[in-house]
Enquirer: 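Quick one: this structure, given as structure tokens, is what I'll be asking you about.
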Protein chains: 2
Amino acid sequence: MVLKNQVEWALHCCSMLAGLPQGKYLAAKDLAEFHGVPKEYLGKALQRLSAAGLVESTLGPAGGYRLAKPVAAITFLDIVEAVEGRRVTFACTEIRMNSPCRVGKRGTGKPCSIAQAMYDADEAWRSHLRSLTVESMLAGAQLPKEQVDATKRWVEQRLK
Amino acid sequence: MVLKNQVEWALHCCSMLAGLPQGKYLAAKDLAEFHGVPKEYLGKALQRLSAAGLVESTLGPAGGYRLAKPVAAITFLDIVEAVEGRRVTFACTEIRMNSPCRVGKRGTGKPCSIAQAMYDADEAWRSHLRSLTVESMLAGAQLPKEQVDATKRWVEQRLK
DNA sequence: GAATTAATACTCGGATATACACTGTCCGAGTTCATCGGG
DNA sequence: CCCGATGAACTCGGACAGTGTATATCCGAGTATTAATTC
């Protein structure tokens with residue numbers, strides 16, 4: 001039960017896109033190079049972000065990605081769900097129904113207390129992720145000024 | 001990012017073992033039959049519960065499993081971690097270190113703000129699971145009396 | 001009838017097989033921009 | 001100098017391979033109970 005690597009990549013990419021000058025795009029190739037991850041596989045994650053409406057892309061030589069919403073409007077949960085999917089972390093297979101002692105043939109429609117507990121825990125996890133945004137992500141990052149400036153220069157060379 | 005089926009099985013099995021008369025054992029074979037799951041694979045889950053000290057077993061013809069602690073002392077988290085493992089749901093691969101703009105060659109030792117956020121969310125999930133016990137599981141189960149009695153009879157026939 | 005031995009039933013652990021998801025790569029189609037050539 | 005044609009760079013989507021995990025099964029070793037045997 002571990003999230004895919006793409007989730008980590010997507011979060012870091014959103015952090016990077018948040019630092020772009022207004023309206024500019026950064027290519028997937030550059031995002032991949034900067035983070036040292038395979039370009040084409042990172043592309044899959046970016047495509048999912050795009051499908052979820054968190055990021056927008058442009059084709060062509062000056063193409064690339066940029067955030068589609070203000071940084072305060074994109075939550076961690078948005079990004080995680082876009083990449084990882086929306087399936088609940090607990091899959092109830094209703095083994096109650098296999099019991100030789102069950103009374104009816106059909107379920108009650110309500111989840112059993114075990115499934116409900118797991119769903120609640122899942123919701124606690126999602127709720128925490130929902131409370132964090134890309135904005136808070138930037139606020140929490142405490143990098144040395146030297147590195148921030150170097151990154152800014154690196155990005156500016158590749159902006160389209 | 002979905003928990004294994006064994007987690008669901010293990011939770012239901014603990015619920016069942018909690019209803020046993022004091023000191024009695026119920027065989028894995030019976031637990032598997034009752035829940036309609038493969039006996040040998042369920043055995044793996046029970047072995048993990050046993051290794052975690054949540055359940056104890058006896059060999060031989062009268063062998064089987066029973067809870068090793070009072071129902072109030074076994075949490076959902078205990079069971080989930082016993083079966084699923086203790087790995088955190090977010091695996092940080094430190095892609096910060098791949099950046100061409102990083103200042104030092106070695107990490108700071110502290111997780112970045114993104115990893116920290118994911119760890120906090122993971123802890124929120126675990127914290128919720130930690131607050132629930134087998135005792136609360138039984139209290140929350142609202143089965144028809146008819147089924148409870150039928151199950152009790154079914155179990156008594158197989159007790160050793 | 002009591003003690004010892006053999007048989008049985010069960011747990012436990014290891015080895016193995018299969019299905020599926022994750023990871024990663026490759027290629028073609030379509031789109032946009034830059035460049036080049038003709039008027 | 002302007003306009004259209006050509007080429008280049010990029011995104012997007014699908015197809016495919018390798019790896020690891022989840023799922024499931026099988027078998028042998030060890031142990032406790034039960035049955036059988038012996039005295």
Side-chain angles (χ1 to χ4, degrees), chain A residues 1-10 13 17 24-33 35-66 68 80 82-87 89-91 93 95 158-160, chain B residues 1-10 13 17 23-33 35-53 55-66 68 80 82-85 87 89-91 93 95 98 158-160:
Chain A
M1 228 267 306
V2 180
L3 293 168
K4 347 183 178 187
N5 287 348
Q6 286 182 326
V7 172
E8 182 188 10
W9 303 353
C13 284
L17 293 179
K24 294 288 187 177
Y25 293 90
L26 188 59
K29 175 185 155 195
D30 296 323
L31 285 168
E33 183 186 342
H35 292 113
V37 299
K39 162 181 161 291
E40 331 234 356
Y41 192 36
L42 175 63
K44 304 286 181 210
L46 294 170
Q47 285 166 32
R48 284 171 169 273
L49 291 180
S50 178
L54 306 177
V55 146
E56 48 191 26
S57 62
T58 311
L59 300 180
Y65 289 93
R66 71 180 179 196
V80 171
V83 174
E84 186 71 30
R86 304 206 166 193
R87 270 183 311 173
T89 56
F90 180 77
T93 60
I95 60 176
R158 285 142 222 263
L159 280 183
K160 302 295 166 56
Chain B
M1 226 269 307
V2 180
L3 293 167
K4 348 183 178 185
N5 287 349
Q6 285 183 326
V7 172
E8 183 188 9
W9 304 353
C13 284
L17 293 179
K24 294 288 185 175
Y25 293 91
L26 188 60
K29 176 187 155 196
D30 296 324
L31 286 167
E33 183 187 341
H35 292 113
V37 300
K39 161 182 163 289
E40 329 235 356
Y41 191 36
L42 175 64
K44 300 291 179 206
L46 293 171
Q47 283 166 32
R48 283 171 172 273
L49 291 179
S50 177
V55 146
E56 49 191 24
S57 62
T58 312
L59 301 180
Y65 289 93
R66 70 179 179 196
V80 170
V83 174
E84 185 71 31
R87 270 183 311 174
T89 56
F90 180 78
T93 60
I95 61 176
N98 300 331
R158 284 142 223 264
L159 279 182
K160 303 295 166 57

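Labels below follow one simple rule: chain letters A, B, ... track the order of the sequence lines, proteins then strands, and each chain is numbered from 1.
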Enquirer: In whole angstroms, how far is the P atom of C:dA9 from the CG atom of B:Asp30?
Expert: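 These atoms are roughly 14 Å apart.
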
Enquirer: Can you list the residues that meet the side-chain hydrogen bond (donor to acceptor under 3.5 Å, both in side chains) rule with A:Ser50, with sequence neighbours excluded?
Expert: none

Enquirer: What closest approach, in Å, do B:Met1 and A:Leu3 show between heavy atoms, and which atom pair accounts for it?
Expert: CG-CD2, 3.2 Å

Enquirer: In the structure I gave you, are the side-chain heavy atoms of B:Leu26 and B:Leu31 within less than 4.5 Å of one another anywhere?
Expert: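 Touching, per the 4.5 Å side-chain cut-off.
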
Enquirer: How close do A:Glu8 and B:Ala91 get, counting heavy atoms only, and between which atoms?
Expert: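 Distance-wise, the nearest heavy atoms are OE1-O, 3.6 Å.
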
Enquirer: Rounded to whole angstroms, how far apart are CD on B:Glu33 and P on C:dC10?
Expert: 12 Å

Enquirer: To the nearest Å, how far apart are A:Leu46 CG and D:dT11 P?
Expert: 9 Å

Enquirer: According to salt bridge (Lys or Arg N to Asp or Glu O under 4.0 Å), who are the partners of A:Glu33, at least two apart in sequence or on a separate chain?
Expert: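 Testing A:Glu33 for salt bridge (Lys or Arg N to Asp or Glu O under 4.0 Å), a comparison that skips the adjacent residues, returns A:Arg158.
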
Enquirer: Apply salt bridge (Lys or Arg N to Asp or Glu O under 4.0 Å) to A:Glu56 and list each qualifying residue two or more places apart in sequence or on a separate chain.
Expert: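 A:Arg66.
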
Enquirer: Going by the rule side-chain hydrogen bond (donor to acceptor under 3.5 Å, both in side chains), which residues pair with B:Thr89 if we only count those two or more places apart in sequence or in a different chain?
Expert: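 Result, side-chain hydrogen bond (donor to acceptor under 3.5 Å, both in side chains) vs B:Thr89: B:Asp122.
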
Enquirer: Starting at atom CG of A:Leu42, determine the distance to atom C1' of D:dT11, rounded to an integer number of angstrom.
Expert: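 Atom-to-atom, A:Leu42 to D:dT11, this comes out as 13 Å.
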
Enquirer: To the nearest Å, how far apart are B:Lys29 NZ and C:dA9 C1'?
Expert: 9 Å

Enquirer: side-chain contact (heavy atoms from CB on, under 4.5 Å) with A:Gln6: which residues, sequence neighbours excluded?
Expert: A:Lys4, A:Trp9, A:Tyr41, A:Lys44, A:Ala45, A:Val83

Enquirer: Looking across every strand, which nucleic acid part, if any, lies under 4.0 Å from B:Gly43 by heavy atom: base, sugar-phosphate, or nothing?
Expert: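 No contact.
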
Enquirer: Using a 4.0 Å cut-off on protein heavy atoms (strictly under), produce a 5'-to-3' string for nucleotides 16-25 of chain C with B for base contact, S for backbone-only sugar-phosphate contact, and - for none.
Expert: ------SBBB

Enquirer: Within this structure, what is the CD-to-P distance between A:Gln47 and D:dT11, rounded to whole angstrom?
Expert: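 Atom-to-atom, A:Gln47 to D:dT11, this comes out as 10 Å.
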
Enquirer: Between atom CZ in B:Arg66 and atom P in C:dT11, what is the gap in whole Å?
Expert: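 Going from B:Arg66 (CZ) to C:dT11 (P), I get 14 Å.
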
Enquirer: Once you round it to whole Å, what is the distance between P of D:dG13 and CG of A:Leu49?
Expert: 13 Å

Enquirer: Under 3.5 Å between N/O atoms: give me all the protein pairs with nucleotides 29-34 of chain D, atom names plus distance.
Expert:
none

Enquirer: Just to verify, what does A:Ala52 make a side-chain contact (heavy atoms from CB on, under 4.5 Å) with, not counting sequence neighbours?
Expert: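 If we apply the side-chain contact (heavy atoms from CB on, under 4.5 Å) test to A:Ala52, skipping adjacent residues, the hits are A:Leu54, A:Ala82.
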
